[in-house]
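This one's a predicted model, so the numbers in the text were calculated from it and none came from an experiment. A, B, ... follow the sequence lines: proteins, then strands. Residue 1 opens every chain. Keep in mind that the numbers below use all heavy atoms, side chains included, and drop hydrogens, waters and symmetry copies.
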Amino acid sequence: MGLTGLPGTLIAGVWRQPSGRAALVTLGLIVAVALAGPPFLPDPAAQPDVLGQASLPPGSGHLFGTDPLSRDVLSRVVGGARVSLAVAGLAVLVSVTIGAGVGLVAGYLGGTVDAVLMRLVDAALAIPRLFILLLLLAVWDRIPLGALILILGTTGWFGTSRLVRGEVLRLKQEAFVTGAEALGAGRARVMFRHLFPNTLGPLLVAATLGVGDVILLEAGLSFLGLGIQPPRPSWGGMIFDAKAELLTAPWTSIFPGLAIAATVLAVNLLGDALSGALDPRQS
Amino acid sequence: MIRWLLLRCLQAAVTLLLVAILLFCLMRLAPGDPLSRVSGEQQLTPGALAHLREQYGLDQPIARQLAVWLAGVVRGDLGTSIEYGRPVTSLIADRLPATLLLGGTALLINFTLGLWLGAVQAVRRGAPVDRWLTAASLAGYATPSFWLGLVLAGLVAVRWRLLPAAGMQNPLLPSDAGPWVRGLDIADHLVLPAATLVIVSIASTMRYQRRAMLEVLPLPYIVAARAKGLAEPVVVRRHAWRNALFPVLTLAGLWLPILATGSVFVESVFAWPGLGSLAAGAVGTRDYPLLMGTALLVSSLIVLGGLLTDVAYGVLDPRIRWA
Amino acid sequence: MSRVLEVENLRVTFPAGDGRRVAAVDGVSFSLDRGETLALVGESGCGKSLTSLSLLRLVPAPGRIEPDSRIRLADTDVLALEGDALRAIRGRRIGMIFQDPMTSLDPVFRVGDQIAEGILAHFPVSRREARERAVALLRETGIPDPAARADAFPHQLSGGMRQRVMIAIALAAEPEILVADEPTTALDVTVQAQILEVLDRLRAERGMAVLLITHDLGIVAGRADRVAVMYAGQIVEEAPTAALFARPSHPYTRGLFGSIPRLTGPVERLRPIPGTVPSPAAWPSGCRFRPRCPYAFEPCGREPPRNDVGPGQWMRCWLEGEQR
């Protein structure tokens with residue numbers, strides 16, 4: 001499978017599966033609304049009429065209702081979408097880059113390098129990612145968005161590195177690797193020019209599923225006050241704020257929660273469909 | 001076999017050591033030092049701050065601090081909680097049983113309900129029940145655990161008053177209530193948090209079981225079993241299930257991190273007095289010794305869990321045991 | 001002379017991917033009498049394993065046996081059986097020895113238990129009794145120290161011993177017909193002869209009919225009473241063994257014989273059959289062997305008729321008996 005045409009083939013493969021279709025459509029919708037929505041919606045941070053518009057149920061003018069601070073819930077949900085998707089996307093980019101790099105090096109070079117790296121990865125995998133994040137993030141009062149993305153990214157590459165390493169170990173035996181080496185290709189060249197492109201498939205699947213994980217983590221962190229800082233809208237933060245009105249104004253917590261679930265579900269289905277498109281096995 | 005066991009134990013020990021070092025580095029990696037926040041809050045004088053530093057050993061070189069930390073860990077001394085002022089170890093010991101109860105229950109349900117549903121999916125692969133179960137479990141996985149907990153608590157506990165909304169025990173129980181009553185009370189409180197944990201984690205179990213069974217079902221020895229005249233349910237239960245169990249067992253090692261993560265949120269939402277809520281609270285107060293101690297304990301449990309799973313695999317799979 | 005098995009026009013089809021179904025087994029008919037051994041010979045892909053699986057209704061989905069097929073076990077219509085009635089013939093009236101004993105034995109159960117399982121499925125005996133019978137069966141197959149061996153796991157046994165276990169399992173419920181699917185293919189040559197001896201002896205002792213499936217003409221001589229040669233889903237020649245070896249009639253059969261290396265006689269070039277076996281999705285029209293047949297001529301474009309060439313010997317070919 002050549003590299004050109006890979007995206008097209010993949011999308012076609014995903015589209016062929018009903019769950020993949022649904023995922024693509026849903027995600028497309030979410031991304032479209034997140035990107036193009038804000039101009040059409042009330043400003044999420046505005047508190048135009050503090051008392052008069054507080055805690056309104058969904059109705060005309062406010063599709064998702066308003067929260068106790070008179071902020072339109074729909075625009076906050078959309079705003080949250082922008083932030084969450086951006087954060088997750090960038091963080092996963094960082095994770096995947098580091099993970100692929102480490103995996104390639106460990107898998108191809110083998111020996112002590114591999115042993116040491118994988119021992120470290122094992123140790124890191126033993127600590128639940130949330131705890132690592134708690135330890136790293138607790139030091140700030142207000143976490144800068146850039147730091148959040150970086151920290152999320154640098155804590156999420158361990159599993160990916162094992163995955164890539166596994167692929168590299170498998171590919172090392174293949175003839176094209178020995179061929180390249182015989183032709184005098186240096187180690188870096190073999191790794192990046194020959195091995196890496198062949199790991200893109202599983203890497204893409206892992207990245208997609210990773211986005212879902214980060215969205216959930218970031219929402220949880222925001223819920224605990226460690227993620228996206230107010231007044232920037234975040235789904236987790238909205239749910240935290242809505243705790244007190246859980247029963248009196250359920251729409252303030254229902255919609256952000258549903259947004260998270262729908263996005264993560266769509267992303268996971270997409271990851272599944274990608275995996276199915278890459279590996280034509282009955283499953 | 002014994003040699004392999006010893007090797008595995010050694011590996012686990014090395015991993016634990018690395019975990020401890022890693023945790024130490026994490027703490028020191030964060031900008032500023034652990035006391036800066038405390039000093040900020042309490043308006044300490046430079047002299048008092050220096051004294052505190054000395055007390056917590058923060059004025060020593062990094063390598064020394066690491067050695068002290070590691071020596072303490074080996075001794076079982078995880079430092080003193082900044083917030084509670086008590087040894088971290090005793091705080092953890094207080095809260096560990098509650099987490100084990102909650103996590104253990106969730107794990108148990110995962111292993112019974114999850115494995116059964118996954119098997120059903122495999123046997124009825126492609127049928128509506130298979131698709132619905134996949135959809136339902138994936139929806140559960142995508143749901144944020146804290147939100148689900150809040151919704152369940154709000155609906156079931158507050159609106160419908162079927163179950164308690166928070167805590168592990170009813171504080172109003174008479175002091176002479178017998179163990180049976182107490183047990184039921186705890187069980188009552190256990191339902192919602194356990195249900196929340198299970199809903200968000202059962203998808204993984206089901207998927208792995210489904211895949212494992214699907215790999216086993218077409219194998220020749222399954223066909224051979226049918227050729228003997230065995231009824232289909234027997235073939236599935238006795239032959240397919242047993243063989244599919246092995247790859248699934250190794251997954252037990254993966255559940256622990258999921259459950260640990262879920263516990264932090266679920267315990268917080270339900271005010272369940274376990275390690276998860278302890279850790280969540282420690283975040284707010286920047287109580288580093290407590291955070292590190294909790295993280296270390298949870299990681300140790302995970303490493304131990306992985307080791308036990310490997311051992312179980314080795315013991316149960318006759319190909320390894322009687323190699 | 002009682003007929004124990006009658007197969008008529010057996011067709012097993014699979015979906016071809018574009019809505020069609022192709023027949024991997026296409027109109028196979030044969031019969032078995034009590035005590036006789038019929039060898040079903042052919043290359044891989046000719047449909048012989050599927051044929052044997054059909055007898056027990058074990059054709060894997062999405063394959064299916066077409067409704068105009070007939071399989072009769074003495075007076076029982078196998079294709080009409082369901083549920084318990086179907087299970088009652090599996091193992092009990094037809095016993096099957098599968099091809100690869102390593103993958104056909106459950107790796108996590110002791111072999112004695114796997115034999116006993118077959119006994120318990122059909123006879124209301126105690127577990128201890130079943131276990132004793134299992135050990136006895138192992139002894140019959142010639143395994144030394146059967147009581148100890150019964151407690152072994154499959155991976156602890158050698159290939160030959162595993163095959164004997166498979167034979168014991170097949171015989172556990174005392175069937176009247178034994179189907180042996182390539183019983184020696186996975187074994188060393190030296191062990192092959194032993195296994196075939198065991199099969200022979202047990203067959204004679206129990207008066208079973210045997211359907212021996214193989215691609216190896218060598219093990220057919222001296223062991224089978226009759227031979228049916230399969231190609232591309234059909235039987236192309238059937239004859240008593242001696243007759244087949246003396247006068248192979250169908251061009252495919254002759255090609256098979258021509259491609260067997262011989263240890264005795266003048267050293268000749270091996271003459272392999274040119275071309276490859278077609279896949280079920282692309283059976284040639286008319287005579288399926290036509291593309292590879294050195295004698296192909298004009299009528300071969302049409303389905304060849306059944307052509308009797310000797311007592312009990314017929315072939316599916318347009319060529320007359322001795323005409324070459």
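- Counting heavy-atom neighbours within 6.0 Å of B:R8 CZ, excluding the residue itself, gives a total above 12.
- The choice from A:L125, A:L217, A:L258, A:V267 that makes the most heavy-atom pairs within less than 4.5 Å of chain B is A:L258.
- Both the backbone and the side chain of A:L120 come within less than 4.5 Å of a heavy atom in chain B.
- Nearest approach of A:A126 to B:I302, heavy atoms of both residues: O-CD1, 3.2 Å.
- Ranked by heavy-atom pairs under 4.5 Å with chain A, the first of B:V264, B:V269, B:L155 is B:V264.
- A:L265 touches chain B through backbone and side chain together, each having a heavy atom under 4.5 Å away.
- Listed options A:L137, A:L130, A:D213 were ranked by heavy-atom pairs under 4.5 angstrom with chain B; first place goes to A:L130.
- Between B:L138 and A:L269, the shortest heavy-atom contact is CD1-CD2, 3.5 Å.
- Between B:A279 and A:F131, the shortest heavy-atom distance links the atoms CB-CE2, 3.9 Å.
- Closest approach of A:A124 to B:L22, counting heavy atoms only: CA-CD2, 3.7 Å.
- We find the CG-CG distance between B:L26 and A:L136 to be 5.0 Å, quoted to the nearest 0.5 Å.
- Put simply, the side chain of B:R207 reaches to within 4.5 Å of the side chain of A:D272, judged on heavy atoms.
- By the 4.5 Å heavy-atom criterion applied to side chains, A:L224 and B:V283 are not counted as neighbours.
- In this structure, B:L23 CG and A:I127 CD1 are separated by 4.0 Å, a value rounded to the nearest 0.5 Å.
- Under a cut-off of 6.0 angstrom, the local environment of CZ in B:F24 is crowded, with over 12 non-hydrogen atoms contributed by other residues, nucleotides or ligands.
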message: Set out, in order, the CA-CA distance, both residues' side-chain angles and the distance that settles side-chain contact (heavy atoms from CB on, under 4.5 Å) for B:R159 and A:L246, then state yes or no.
response: CA-CA 11 Å; B:R159 176 68 71 76; A:L246 191 61; over 6 Å; no
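- Nearest heavy-atom pair, B:A295 versus A:L135, reported as atom, atom and distance to 0.1 Å: CB-CD1, 4.4 Å.
- By number of non-hydrogen pairs under 4.5 angstrom with chain B, the leading residue of A:I254, A:D122, A:N268 is A:I254.
- Of the possible donor and acceptor atoms, one in the side chain of B:W147 sits under 3.5 Å from a partner among the backbone N and O of A:S253.
- Of all heavy-atom pairs between B:T261 and A:P128, the closest is OG1-CB, 3.9 Å.
- Both the backbone and the side chain of A:I260 come within less than 4.5 Å of a heavy atom in chain B.
- The choice from B:P257, B:G154, B:S145 that makes the most heavy-atom pairs within less than 4.5 Å of chain A is B:G154.
- Using a 4.5 Å cut-off between heavy atoms, B:L18 contacts chain A through both its backbone and its side chain.
- The aromatic rings of B:F265 and A:F223 sit perpendicular to each other, their planes meeting at more than 60°, with 30° as the lower class boundary.
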